[in-house]
Amino acid sequence: MVDLATQYQHMKPEVDEALQAVIDSCGFINGGPVKDFARELADYLQVHHVTPCGNGTDALQIALMALDVQPGDEVITTPFTFVSTAEVIALLQLKPVFVDIQSDTFNIDVKQIESVITPKTKAIIPVHLFGQAADMAPLMELARQHNIAVIEDNAQATGGRYTFPDGTEKMLGSIGDIGCTSFYPTKNLGGYGDGGALSANDENLAHAIHLIANHGSDRKYYYDAIGVNSRLDTLQAAILRAKLKRLDAYNANRRKAADQYDALFAENPALTTPYRAPYAYHVFHQYTLRIVDKRDDLQQYLREHDIPSMIYYPVPLHISKAYAKYGYQPGDFPVSEQMAKEVISLPMHSELDEEQIHYIAETVQSFTNSKL
Ligand SMILES: *Cc1c(COP(=O)(O)O)cnc(C)c1O
């Protein structure tokens, strides 16, 4: 699905030198590159503050903790996401309140949010799934009306953007009260291990985030809040600094690969290619097709032709066993349930070349031509 080896070969001297410098300095925890990376990422995202942390899941958990929520408070998100988004809500004894997605963008259907807002609703977590922005303008307006915080789950869309109706364009992760991202190796900005970060513009919120990520402490052995231990390794920060400089180029390559797939599938009535919302600069974390009925057969066929593919996600969270206690039933979120049956993600990364794309697309077409 990704080709991290080729990507490394293209930048080996720079990465090797940065890693050696960290090892020589022995500043493995909170070393200089961590602070440098935080500043560079803040500049890139056009936010005042970035706090690096251990991974994207921690980022989401720290974000909720920084909001000062109480057990039993409610947090709205979608069931069609990676588990982290709902897991951290549940872990903090909060209640995940799900809202269905739109079938075209796979993102939260903003029109359905208002009907589930209660006095206990403290936050909304839109997920910019597969690299495409959720519809942030109406979502932010609704959240402001109801005085609810917005935490963007930007794990899959670093470098993506959203255009507001007045034409203003903003980086994803800079629109809500807090933005959370992940540097898991296969993400658009990926390290060579785990990593994550939170972004915020508000001074007080940024301070709370900084405290919580560091054991609730600003000054060694003095504790102002209950926190966690979640840090970005200096080695990862050194790698991420080198990759951040290339992120726009990586995302441009992903978009080019998506254009090529789109063109090759354009005449195929059996396939629905990814929709591109007019407000989004889509950074194609995934290239996800929809195919009715034959999805699993297509995946099997691709496997036989040595082409990897993935199902993101086979089971919506509201009907996953661990989340049964919240009382949702099959049928509650019909679009998420239908997408879970129809989606298939093809190889997508910054190193895909035209020949590979042609081979993958031809194999998909030979399946739809012969089996449908
Ligand atoms: C990857 C991912 C996360 C979690 O990131 P980790 O760094 O793996 O903890 C959270 N949300 C979404 C949507 C993701 O894709």
Side-chain angles (χ1 to χ4, degrees), residues 1-2 4 37 41 50-65 75-92 96 98-99 101 105-108 123-134 136 139 150-160 172-173 175-176 178-199 213 228-233 235-237 239-240 243 251 254 280 282-288 310-318 320 322-323 336 339-340 343 345 348-349:
M1 293 294 283
V2 298
L4 297 174
F37 174 66
L41 184 62
V50 161
T51 303
C53 68
N55 56 67
T57 309
D58 279 2
L60 290 162
Q61 178 179 334
I62 293 163
L64 285 171
M65 290 171 77
V75 179
I76 296 171
T77 191
T78 91
F80 196 69
T81 175
F82 183 60
V83 68
S84 301
T85 324
E87 186 177 46
V88 296
I89 300 171
L91 267 176
L92 294 172
F98 293 118
V99 167
I101 56 168
T105 62
F106 306 114
N107 282 326
I108 195 163
I124 305 171
I125 311 184
V127 183
H128 305 308
L129 203 75
F130 303 155
Q132 178 157 247
M136 293 304 286
L139 189 145
V150 174
I151 299 171
E152 297 175 70
D153 182 341
N154 196 30
Q156 300 189 3
T158 307
L172 300 183
I175 302 168
I178 305 176
C180 295
T181 195
S182 163
F183 309 123
Y184 185 84
T186 59
K187 299 286 156 94
N188 291 46
L189 178 59
Y192 294 173
D194 277 312
L198 299 101
S199 45
V228 296
N229 172 25
S230 188
R231 295 183 285 241
L232 181 68
D233 271 7
L235 287 166
Q236 297 305 332
I239 294 158
L240 290 165
K243 290 180 74 167
N251 283 336
R254 287 172 179 271
H282 194 324
V283 290
F284 286 95
H285 177 61
Q286 299 297 341
Y287 184 86
T288 303
M310 292 293 283
I311 308 306
Y312 302 117
Y313 296 95
V315 186
L317 296 178
H318 69 286
S320 295
Y323 294 84
S336 297
M339 294 307 112
V343 289
S345 298
M348 169 52 80
H349 53 87

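Hydrogens, waters and symmetry mates are skipped; everything else that's a heavy atom, side chains included, is used. Read the numbers this way: they start at 1 and go in the same order the structure lists the ligands and their atoms.
Other residues, nucleotides and ligands place more than 12 heavy atoms under 6.0 Å from the OH atom of Tyr323.
Those atoms of ligand 1 with a heavy atom of Ala155 less than 4.0 angstrom away are 2 (C), 3 (C), 10 (C), 11 (N), 12 (C), 14 (C), 15 (O). Each of the atoms 13 (C) of ligand 1 lies under 4.0 Å from some heavy atom of Val127. Shown in contact with Asn55 at under 4.0 Å from a heavy atom are these atoms of ligand 1, numbered in order with element: 7 (O), 9 (O).
Heavy atoms of His285 stay at 4.0 angstrom or farther from ligand 1.
For a threshold of 3.5 Å applied to N or O pairs, the pair formed by Lys187 and ligand 1 contains at least one separation below that value. Residue Thr57 has at least one nitrogen or oxygen atom sitting less than 3.5 Å from a nitrogen or oxygen atom of ligand 1, judged on distance alone. Considering both main-chain and side-chain atoms, Tyr184 never comes within under 3.5 Å of ligand 1 through any nitrogen or oxygen pair. In terms of polar-atom proximity, Thr81 is not counted as a contact of ligand 1, lacking any N or O under 3.5 Å from an N or O of the ligand.
Of all the heavy atoms in Thr81 and Leu317, the pair that sits closest is CG2-CD1, 3.8 Å. Scanning both residues, Phe80 and Met339, for their nearest heavy atoms gives CZ-CB, 3.9 Å.
Side-chain contact between Ile239 and Phe183 is absent, with no heavy-atom pair separated by less than 4.5 Å. Contact check for Tyr184 versus Asp194: side-chain heavy atoms found under the 4.5 Å cut-off. Using a 4.5 Å cut-off on side-chain heavy atoms (C-beta onward), Met136 and His128 make contact. In this structure, Ile89 and Ile125 have side chains that are in contact, with non-hydrogen atoms separated by less than 4.5 Å.
Of the candidates Gly191, Ala59, Ser182, Gly195, the one placing a heavy atom closest to atom 5 (O) of ligand 1 is Ser182.
For atom 4 (C) of ligand 1, the closest heavy atom belonging to the protein is Ser84 OG, 3.4 Å. Regarding atom 13 (C) of ligand 1, its nearest protein heavy-atom neighbour is Asp153 OD2, 3.4 Å. In this structure, atom 15 (O) of ligand 1 lies nearest to the protein heavy atom Gln156 NE2, 2.8 Å.
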Give the intermediate values and the outcome of side chain to side chain donor-acceptor pair (under 3.5 Å) for residues Thr85 and Thr77. CA-CA 8 Å; Thr85 324; Thr77 191; 5.3 Å; no
